Student: 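Pasting a structure below so you can have a look.
Quick caveat: nothing in here was measured; it's all calculated off a predicted structure. Note on naming: letters A, B, ... go to the chains in the order of the sequence lines (proteins, then strands), and numbering restarts at 1 for each one.
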There are 2 protein chains.
Amino acid sequence: MKRGRKPTIDAADITRAAIAVADAEGLAAVSMARVAQEMGNATMALYRHVKSKDELLTLMADAAFDEPPALPDGEWRDKLGAWARAMLGGIRRRPWFLQIPMSGPPTGPKSLAWFDSALGALEGTPLEAGEKVGVVMGLMTFVHGEAWLSVALTKGFENDPAQFSREYGQRLREIVDPRRMPALAKIVAAGVFDVDDLFDADDVAADFDFGLHLFLEGVATHIGGRA
Amino acid sequence: MKRGRKPTIDAADITRAAIAVADAEGLAAVSMARVAQEMGNATMALYRHVKSKDELLTLMADAAFDEPPALPDGEWRDKLGAWARAMLGGIRRRPWFLQIPMSGPPTGPKSLAWFDSALGALEGTPLEAGEKVGVVMGLMTFVHGEAWLSVALTKGFENDPAQFSREYGQRLREIVDPRRMPALAKIVAAGVFDVDDLFDADDVAADFDFGLHLFLEGVATHIGGRA
DNA sequence: CCCTTTATGCGTACCTCATACGCAAAACCT
DNA sequence: AGGTTTTGCGTATGAGGTACGCATAAAGGG
């Protein structure tokens with residue numbers, strides 16, 4: 001038998017509590033004291049199961065995602081599209097995920113399962129193994145970037161909605177000198193930014209779809225040139 | 001004339017000092033006290049010119065980049081490619097840029113200049129104003145995501161190089177169950193991860209180029225369908 | 001059944017930071 | 001010079017991460 005007093009909590013419990021706090025109040029609210037309070041323990045009790053706050057953050061990142069979803073039948077393109085949207089959804093559900101620094105290549109079971117899922121979508125295409133990896137990495141990268149942008153803008157919007165109203169287009173008209181920035185000036189003049197809500201959720205989704213479309217289009221062309 | 005004591009420093013000085021600290025010791029080392037010491041002032045003196053640390057961070061983000069580079073003559077594709085590579089280079093030179101949370105749509109002169117530069121590359125294409133914005137946003141997003149990944153991996157690599165050696169491929173062979181992750185298992189078996197240095201700088205650059213190629217290919221197809 | 005061994009729970013204390021507040025020095029105005 | 005305004009900055013407060021050490025609980029040995 002194991003000697004010594006029995007542990008009443010373990011790292012998984014702490015991770016769960018920390019995630020609960022992050023979900024409810026954001027990653028900034030995750031302090032050792034706050035997490036301990038969440039579980040009804042003393043602050044320093046946590047350090048018996050977790051070396052440091054950094055380690056706790058890594059554990060949180062590992063546990064943040066659900067299993068990858070089942071992909072629809074059909075073309076690789078539909079599958080990858082669904083995969084990308086699911087990943088975006090996952091990040092949006094836990095936006096604090098983006099603030100946790102990565103410390104190495106993926107080894108967690110969840111990350112690998114997602115990786116596998118995307119690679120599976122490319123089964124049946126004439127791409128070489130290395131190319132498949134490249135395509136999936138590129139897509140991950142795009143989704144990650146898009147999520148980051150959208151999360152950042154969401155936060156900004158919550159802090160100061162006025163920034164995203166027609167005020168922004170107006171402001172640009174004042175700042176942008178047509179001589180120094182001719183291309184931007186044309187876009188501003190065309191009224192692209194003259195909308196009531198620059199951060200309309202549907203627009204953000206449409207932007208994502210557009211970028212995703214472009215990327216997948218590129219993959220299709222690449223596959224075409226190979227077949 | 002202005003009344004009152006003359007300021008001995010201004011926000012730009014503080015921003016410069018903060019950037020010097022971040023360049024030398026990372027963003028984590030940027031505290032108000034550390035920045036003040038860097039300039040030979042007292043900590044609280046900074047608050048006369050900067051409302052909060054958050055504001056300082058925003059100023060830093062604005063000042064982190066150089067002016068956008070002159071783009072090569074030729075096709076929009078070459079121009080956008082050069083632009084994306086320049087942006088990646090800029091982020092790599094100041095990796096801490098990625099850790100600064102965005103608080104709204106871009107209004108800084110530098111950000112706008114970069115935006116204008118990319119839009120200028122699309123001049124002459126039959127895209128509508130809104131589509132140009134979409135393309136540029138998508139590309140920015142991709143570059144940002146790629147930079148984030150590469151910076152994160154660089155840090156991980158510095159902390160523990162062994163993680164990125166052949167050990168990784170070996171580890172995957174053990175972890176990946178061909179029944180649960182068939183697609184990944186195939187890739188692993190194909191030896192894609194069996195390289196001495198998974199994080200070879202040239203490989204990372206090649207990955208970026210591949211993803212960039214795919215994205216631009218997609219834009220080309222989209223333009224083709226429009227003309 | 002008591003004593004030693006071992007591991008946990010956690011109170012105390014220290015250090016680093018961001019920042020509110022207030023006073024004194026400096027520069028302008030009359 | 002005296003008043004006014006603005007800057008420089010010392011002090012103080014409160015939050016957060018974590019080293020340290022003691023008390024407590026559980027298991028094994030006699």
Side-chain angles (χ1 to χ4, degrees), chain A residues 1-61 96 99-101 103 155 159-160, chain B residues 1-63 96 99-103 155 159:
Chain A
M1 255 308 215
K2 277 258 178 67
R3 319 238 315 200
R5 187 172 176 172
K6 289 240 169 77
T8 60
I9 54 176
D10 65 6
D13 294 326
I14 298 176
T15 306
R16 249 190 306 281
I19 286 179
V21 172
D23 283 346
E25 302 165 43
L27 195 64
V30 176
S31 69
M32 297 307 268
R34 181 69 186 75
V35 172
Q37 170 196 317
E38 186 77 8
M39 339 180 27
N41 281 80
T43 305
M44 292 311 292
L46 306 190
Y47 282 92
R48 286 285 175 202
H49 311 278
V50 154
K51 253 200 298 299
S52 66
K53 186 179 179 181
D54 269 356
E55 188 181 294
L56 175 55
L57 290 178
T58 301
L59 290 174
M60 288 174 70
W96 46 261
Q99 294 170 50
I100 298 181
S103 55
K155 259 184 228 158
N159 287 342
D160 181 7
Chain B
M1 256 304 217
K2 276 260 179 67
R3 320 242 308 202
R5 186 173 177 174
K6 287 234 170 85
T8 59
I9 54 176
D10 65 4
D13 294 327
I14 298 176
T15 306
R16 249 189 306 282
I19 285 180
V21 173
D23 282 347
E25 303 166 41
L27 193 64
V30 175
S31 69
M32 298 306 269
R34 180 71 186 74
V35 173
Q37 169 196 319
E38 185 77 10
M39 345 181 22
N41 281 80
T43 305
M44 292 312 292
L46 307 189
Y47 282 93
R48 285 284 174 204
H49 311 278
V50 153
K51 253 199 300 295
S52 66
K53 185 180 179 179
D54 270 356
E55 188 181 294
L56 174 56
L57 290 178
T58 301
L59 290 173
M60 288 175 70
D62 239 31
W96 46 260
Q99 294 171 51
I100 298 181
M102 258 177 67
S103 54
K155 258 183 227 159
N159 287 342

Student: Between A/Asn41 and C/dG9, is there a side-chain N or O to OP1/OP2 distance below 4.0 Å?
Tutor: no
Student: For B/Leu57 and C/dC17, what is the distance between atoms CG and C1' respectively, to the nearest whole Å?
Tutor: 13 Å
Student: Using whole Å, report how far NE2 of B/His49 lies from P of D/dC9.
Tutor: 9 Å
Student: With a non-hydrogen cut-off below 4.0 angstrom, is B/Ser52 in contact with a base, only sugar-phosphate, or nothing?
Tutor: sugar-phosphate
Student: Side chains of A/Val50 and A/Thr15: closer than 4.5 Å at any heavy-atom pair?
Tutor: no
Student: Does the protein touch nucleotides 22-30 of chain D at the base, only the backbone, or not at all? Give it as B, S and - per nucleotide, heavy atoms under 4.0 Å.
Tutor: --BBBSS--
Student: Determine, stepwise, if the pair A/Leu27 / A/Leu57 fulfils side chain to side chain contact (heavy atoms under 4.5 Å, CB included).
Tutor: CA-CA 9 Å; A/Leu27 195 64; A/Leu57 290 178; 4.0 Å; yes
Student: Nearest whole angstrom, please: distance from the P of D/dG8 to the CE of B/Met39.
Tutor: 10 Å
Student: To the nearest 0.5 Å, how far apart are CE in A/Met60 and NZ in A/Lys53?
Tutor: 9.0 Å
Student: Atom CD1 of B/Ile19 and atom CD1 of B/Ile14: how far apart are they, to the nearest 0.5 Å?
Tutor: 12.5 Å
Student: C/dG9, C/dC21, C/dA18: which one has an atom nearest the side-chain heavy atoms of A/Ala45?
Tutor: C/dG9
Student: Just how far, in rounded Å, is C1' of C/dA20 from CG of B/Leu46?
Tutor: 15 Å
Student: Under 4.0 Å, counting only non-hydrogen atoms across every strand here, what does B/Thr8 touch: a base, just sugar-phosphate, or nothing?
Tutor: sugar-phosphate
Student: On DNA chain C, check which nucleotide each of A/Gly40 and B/Met32 is closest to and give me the residue with the more 5' one.
Tutor: A/Gly40
Student: What's the CD-P distance between B/Gln37 and D/dG8, to the nearest Å?
Tutor: 18 Å
Student: How many Å lie between NZ on A/Lys53 and P on D/dA19, as a whole number?
Tutor: 15 Å
Student: When the distance from NZ of A/Lys51 to P of D/dG17 is rounded to whole Å, what number comes out?
Tutor: 17 Å
Student: Give a yes or no answer on whether the side chain of A/Asp13 reaches the backbone of A/Asp10 with a donor-acceptor pair at less than 3.5 Å.
Tutor: yes
Student: To the closest 0.5 Å, what do you measure between CG (B/Leu46) and CG (B/Leu56)?
Tutor: 8.0 Å
Student: Toward the 5' end of DNA chain D, which comes first, A/Ala28 or B/Ile9, by nearest nucleotide?
Tutor: B/Ile9
Student: Choose from C/dG11, C/dT19, D/dG8 the nucleotide whose nearest atom is closest to any side-chain atom of B/Tyr47.
Tutor: C/dT19
Student: Rounded to the nearest Å, what distance is computed from the CG atom of residue B/Leu56 to the C1' atom of nucleotide C/dC17?
Tutor: 14 Å
Student: Which nucleotide, D/dG17, C/dT12, C/dG9, lies nearest any side-chain atom of A/Met44?
Tutor: C/dT12
Student: With rounding to the nearest 0.5 Å, note down the distance linking NE2 in B/His49 to CG in B/Asn41.
Tutor: 7.5 Å
